[in-house]
Amino acid sequence: MGVIHVEGVSKIYNPDKIPVTALQGVSLTIEAGEFTAIVGPSGSGKTTLLNVIGGLDRPTSGRVAVGGHEITGLSDNELIDFRKEHIGFVFQAYNLIPVLTARENVSFVMLLQNRPAAEREARTQELLAAVGLEDQIDKRPAELSGGQQQRVAVARALAPKPAFILADEPTANLDSHSASNLLDIMARLNEEEGVTFLFSTHDQRVIDRARRVITLVDGAIARDEYRS
Amino acid sequence: MIYLMAWRNIWRNPTRSRVVILAIALGIWAALFMSGFATGMMRNYIQNAITNVVSHIQIHHPEYQADNNVRYTIPGADSLRKTLLAIPEVKAVSVRTLVNGMIASSQTARGVQVKAITPGEEATVGLSADKIVEGDFFAEDRKNNLLMSKKLADRLHVALRSKVVLTFQDLGGNITSAAFRITGLYAIGDEPFEEGHVFVRRQDLNRLLVADLTDSLNVEQHLAHEIALLLSTPDQVDPVQAELQKRLPGLRIETYREVAPDLRLYESQVQSVSWVYLIVIMLALVFGIINTMLMTVLERYKELGMLMAIGMNKWRVFRMIMLETLFLSLAGAPLGLLLGWGTITFLGHRGLDLSRFSDALAQFGMSNVVYFAVPQETYAQAVFILVCTAFLASLYPAWKAIRLRPVEAIRRI
């Protein structure tokens, strides 16, 4: 079994009123160390699939297992704890905590895990250096560019040592240079440290870097392509 | 870090936070002001009552207070006075002879209590020359001089130097009358007392009370119904009472609270009135704080969703919103307390002149200037109630925050 195992997942919004099918019978397995992009037109169910895999949303049917643990039956609080320990998130709009500095944003997730202060500080320094922000650690998000904020978001996502990182349109708000820079960092982390990345994206630059591309059309997998 | 986040979060919209902080500070100030005013009024009333009417401690024959019979005298009152004055806590002592009777002018008559005093003693305990608004304080060394209040003089249609007749029962049980000349009019700012009390020299009243007795001279010199004590500070009332009761088991020793139960009620109200003002004002503030925190939560819906998405559990989110509310509320506390303390100190020293309401105040035995006072514990009460207010005000916004679903919150881009 891979790090992510999705089996027959369907998601229907408003099942009692005007049902909207976002996912229908999606099954896939993501192995550790993959650098995978989920692509497809708007409304094809990319973000819904990521949300279901990340435990942010519950499937209408089917099951999702992460690292061998089935998450579909967990309560809200259990899901929060599960996400904290096993999943890193990178959002399209960065979604950093505006009142905390880059250092504090990265450290915060480890604080939620009750990691010791010394470990938090060391890992924060290490991660911010890895994303090239060692000289910006005490700046708040408003003082950083979009690209820098997204790099802080990547460092934050990596901080709890998750099983994989879910990145929902991570380059959508970035200029070409920042997007390229961010992708370089993610690719390096994937190759050198074996971090598993799962993207939902429209961005051709991301698709070009992905080693596996899953195409969703109308909530179903239309193509699953591995690249060398 | 949650504390740090909570503190920084309240300054994300500084104008809004400052408005709330200012409202809280003004709320605390208003509560302290009201409490200071009410406490000042009550203390004013109590102090006036002690000074002019009841003194700190009164000593009577055990039966006297029950029916005010003139036969219930204090044996050896004058020598007892000397003993009492030797007690360090006792500042002054006045021995009084009291009778209830009728005062009649040429036009009308009223029931009064006649307080027969030795002017030199009484001036240190109760009525003194500075309360005389017309005439003098027994300056003439003639017999049967009488002091009455200006109010009573008006009621009786008499003036200074007029003659009035006092009628009362003497020690022999006979009704006796004597004419007295009004040589002074007093005003103490306590209408009920003023309309019901006249003062004469003790020797004059004693002579009339014992006129029919065979051993009249001996009785006359020592006749007394009341010994009034003024202490150095009111705090000593209870221990001195206990000590005197031990030393004088045959007499009834009462504090001003027992003599005038309304004073005990007022004293207990001093403590509760601060709570009432604080609670009422803070209840009004609760809604302002809830509104602000609710706006804060709704504005940060997406951010709160993100926090839950990355692993901040609901209890931590709840706690963070509660802390923000608490910090916001407590930020206003020092300013409010400082403003309140400053106002109380200033008005406690200078007093608030309410002379335009002097007639109304006099009806309640209060003087025109109210000196503000707030018990020290009121400041702690203010902080305690504020914390409770903040806690209450935080519940709904915090509950609202944890009700959100991360996936819906994050979708709000």
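Naming convention: chains lettered A, B, ... in sequence-line order (proteins, then strands); numbering from 1 in each chain.
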(request) Taking atom NZ of K400(B) as the centre, report whether more than 12 heavy atoms of other residues, nucleotides or ligands fall under 6.0 Å from it. (result) no
(message) Below 4.5 Å, heavy-atom pairs only: which of D168(A), L96(A), I97(A) has the largest tally toward chain B?
(response) I97(A)
(message) Just verifying a value: how many Å separate Y94(A) OH and M306(B) CE, rounded to the nearest 0.5 Å?
(response) 14.0 Å
(message) At a heavy-atom distance under 4.5 Å, which candidate from V109(A), L100(A), N77(A) has the highest pair count against chain B?
(response) L100(A)
(message) So, taking the atom named CD1 in I310(B) and the one named CZ in F91(A), what distance separates them when rounded to the nearest 0.5 Å?
(response) 7.5 Å
(request) Give, for atom CD of E104(A) and atom CE of M5(B), the distance between the pair rounded to the nearest 0.5 Å. (result) 9.5 Å
(request) Heavy-atom distances under 4.5 Å only: say whether F89(A) touches chain B with side chain, backbone, both or neither. (result) side chain
(request) Identify the two heavy atoms, one from V99(A) and one from R8(B), that lie closest to each other, and give their separation to 0.1 Å. (result) O-NH1, 2.8 Å
(message) Under 4.5 Å from any heavy atom of chain B, what part of D76(A) do you find: side chain, backbone, both or neither?
(response) side chain
(request) Select one option (side chain, backbone, both, neither) describing which atoms of R140(A) are under 4.5 Å from chain B's heavy atoms. (result) side chain
(message) Please classify the contact of R316(B) with chain A as side chain, backbone, both or neither, using a heavy-atom distance under 4.5 Å.
(response) side chain
(request) For P98(A) and R12(B), work out which heavy atoms get closest and say how close. (result) CG-NH2, 3.2 Å
(request) Can you establish whether the number of heavy atoms outside Q204(A) located under 6.0 Å from its atom CD is more than 12? (result) yes
(message) Can you tell me how far apart CZ (R83(A)) and CG (N313(B)) are? Round to the nearest 0.5 Å.
(response) 10.5 Å
(message) Within the structure provided, determine whether K314(B) and I80(A) are in side-chain contact (heavy-atom separation under 4.5 Å).
(response) yes
(request) Measure the CG-CD distance between N95(A) and E303(B) for me, rounded to the nearest 0.5 Å. (result) 8.5 Å
(message) Within the supplied structure, the quantity of interest is the number of heavy atoms (other residues, nucleotides, ligands) at a distance under 6.0 Å from R350(B) CZ; does it exceed 12?
(response) no
(message) Could you report the tightest heavy-atom contact between K302(B) and A93(A), atom names first, then the distance?
(response) NZ-CB, 3.6 Å
